[in-house]
Amino acid sequence: MVDNATKTSEGISRRTVTKAMAWAVPAIAIAAPVPAFAASGETIIITPGAACKAPGNSCNPIVKGYSVPATVSNPDQNQDAWVTAISINVNTSGINFGLNPIPALPWFIPAGGSLDVNFNATSNSSANLVFDLGFLVTWGHESDGSDTDHEQIQVTVTIPATPPDCCK
C-alpha cells in the first residue's frame, strides 16, 4: 500500500498522527478496570498446621472431633480482612461433622498481619481414622460479610490416624 499522505515540515504524515490517536483510545479503555481490581486487595493466605484428634471434653474448647490449627495471613498492607463464613465441603470419613471455629467468626486479620486459628470439626465420634477434611472459607473486607467480591478459599487437609493430641 502506498502512503500518499502529505508530510509536515517535521517529516511526520497526518496519517501517522491519526493512527497514533486511534491507538490511544483503546489503551485508556483497557486500563480503566485495573484500579477497580486493585482496590479489592490481595487474597488472604491460609496455612494449615498438623491436624489432631480431640476425644470427649478433655481438650475443651476443642471437643469430640478433629481440629486443624492454621495461620491466616493478610499480605495486603493497606486493607484489613475478615473471614466471615466457613463450611465443611470435603469429608471422606463417613462421620457427620458440625463446625466450631476458634475463635468464633468473624475472624479479623489486620493489614499486613496474621491470626492463629482452629478449624474444628465436631462430632459424636473421634475415631482413629485417616481421612480428608476440607473447609471452604469466605472472606472480604467487611466484618458483616457484605463484601462478596472475593473468591472463597479451599483448605483441605488429611487427618492422620493419630492418638489424641489436640491438648498439647
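When all heavy atoms are compared, the tightest approach of Ile159 to Val68 is CD1-CG2, 4.1 Å. When all heavy atoms of Val117 and Pro103 are compared, the pair lying nearest together is CG1-CD, 4.0 Å. Across all their heavy atoms, Val157 and Pro48 have their closest contact at CG1-CB, 3.7 Å. Between Thr158 and Ala51, the shortest heavy-atom distance links the atoms O-CB, 4.4 Å. Here the closest heavy-atom approach between residue Pro75 and residue Ile45 is recorded as CG-CD1, 4.2 Å.
Contact check for Ile88 versus Phe135: side-chain heavy atoms found under the 4.5 Å cut-off. Glu151 is not listed as a side-chain neighbour of Thr43, based on a closest heavy-atom distance of 4.5 Å or more.
For the atom pair CG of Asn124 and CD1 of Ile95, the computed distance is 9.5 Å after rounding to the nearest 0.5 Å. The distance from atom CD1 of Ile102 to atom CZ of Phe119, rounded to the nearest 0.5 Å, is 12.0 Å. In this structure, the separation between CD on Gln79 and CD on Glu42 is 9.5 Å, given to the nearest 0.5 Å. In this structure, CG in Asn74 is found 14.5 Å from CH2 in Trp107, a value given to the nearest 0.5 Å.
A donor-acceptor contact closer than 3.5 angstrom links the side chains of Ser146 and Asp144. Asn118 and Ser67 form a side-chain donor-acceptor contact under 3.5 Å, judged by distance and modelled atom types alone.
No path of Ile, Leu, Val, Met, Phe, Trp and Tyr side chains, each step under 4.5 Å between heavy atoms, connects Trp82 with Ile86, placing them in separate hydrophobic clusters. Hydrophobic clustering, with ILVMFWY side chains joined whenever heavy atoms are under 4.5 angstrom apart, keeps Val90 apart from Ile153.
Counting only distance, with no hydrogens or angles, the side chain of Asp149 and the backbone of Gly140 share no donor-acceptor pair below 3.5 Å. In this structure, Asn91 contributes its side chain and Leu133 its backbone to no donor-acceptor pair below 3.5 Å. Under a 3.5 Å cut-off, the side chain of Thr92 and the backbone N or O of Asp132 do form a donor-acceptor pair. Checked by atom type and distance alone, the side chain of His141 pairs as donor or acceptor with a backbone atom of Asp80 at under 3.5 Å.
Remark: of the listed residues Ile46, Leu136, Val137, Leu136 is the sole one forming a side-chain contact (heavy atoms from CB on, under 4.5 Å) with Gln154.
Taking the six-membered ring where tryptophan is involved, the planes of Tyr66 and Phe97 are perpendicular, since the angle between them exceeds 60° and thus also 30°.
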